[in-house]
Amino acid sequence: MSERPVVLAVDDRPLNLELVQAYLAEIDCDVITADNGHDAVHAVQKQRIDLLLLDVMMPGIDGFEVCRRIKSDPKTRLLPVVLVTALNQVPDRVRGLEVGADDFIAKPVDRFELVARVRSLLRVKALYDRLDDAQRVMLALARAVEAKDAYTESHTERVGQAARALGEAAGIAGEALEDLYLGGVVHDIGKIGVPDAVLGKPGPLSDDESEIMRQHVILGEQIVRPLRSAAGLIPIVRHHHERWDGKGYPDGLKGEHIPIEARIVAICDAFDAMVNERPYRAALGEEHALKAHEEGAGSQWDPSLVELFVAMRRNRQQKFTIVTVA
Ligand SMILES: [Fe+2]
């Protein structure tokens, strides 16, 4: 069994630390605290820490300097650091990024935001801990594609998380679930080989350009295939543009001949693209996107998975409404 992850919260005010500890009680992790920068650096060097929540304004060495020291040490540079700060000015954010911070949370800390961020970062950290170097390179490449493709920030991370959740609801478990997450993140990795003029074209693509774009699934497969642990990712990378009615690509697979992992990622990818703004169109509302999925069930997507996905999203909306009203 794996050990519980350890979160180190650093703040010079005891009340803030108590608040963070109370908020994180609902997460399966141990929270330890430090009230100054020196102790924080020492703790990180001395013991295993999985996530650092770091106040910026502290006497002695401040949060920026703590972060800089941790990120410049090869032994600790992969530790995710979140700067918790009332400073919301652009120069402070830039400084935070310069010293290598992975994320920011604004003060006063919102409970739901803190819990969601910590959960997500701990999951990513656990994944990184298990990856080999080649896989880390692959994830870095997936991020490069994201930047090149002008998707909204963190699109691939959200697709990975959504695919994992839908897969779990569909009865997938264990390593296959981790492959779904990773496959969701890297599914478009082959776009690294698609020219920017095609990838970023705002209007419809010509036939030739569409053909070039379609090659990204083949290129993607070629990129991930040499990896030792890529077996579970190949079906996702190659088949995420197949359609339930057999009119997709690259193989024109139909219905359940399409690997279920690819059917899952296809739904989550389309949904996330719809509800987020793109350079050439505004974001669609969630309900609008869910309706589009219902309309495409049985032609573009697997109808049972769409039903499951839509039910999950509507359930979530309801929960969110109750939380915000309470
Ligand atoms: Fe794709």
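When reading the values below, keep in mind they use all heavy atoms of this one structure, side chains included, and skip hydrogens, waters and symmetry mates. Numbering of ligands and ligand atoms starts at 1, following listing order.
Following chains of ILVMFWY side-chain contacts shorter than 4.5 Å, one cannot reach Val7 starting from Leu17, and the two form parts of different hydrophobic clusters.
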Check: residues 61-69 side-chain donor-acceptor pairs under 3.5 Å, at least two apart:
residue	atom	partner	partner atom	Å
Asp62	OD1	Phe64	N	3.3
Asp62	OD1	Glu65	N	3.0
Glu65	OE1	Arg68	NE	3.1
Glu65	OE2	Arg68	NH2	2.9
Glu65	OE2	Arg69	NE	2.9

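We find that Asp35 and Arg13 are not joined by a salt bridge, their nearest charged nitrogen and carboxylate oxygen being 4.0 Å or further apart. Remark: Arg48 engages Asp50 in a salt bridge, criterion side-chain N to carboxylate O under 4.0 Å.
A distance of 11.5 Å separates CD1 of Ile172 from CZ of Arg164, quoted to the nearest 0.5 Å. Rounding to the nearest 0.5 angstrom, the gap separating the CD atom in Glu221 from the CD1 atom in Ile189 is 12.5 Å.
Shown are the protein N/O/S atoms under 2.8 Å from the Fe ion (ligand 1), given by residue and atom: Asp188 OD1, His216 NE2, His240 NE2, His241 NE2.
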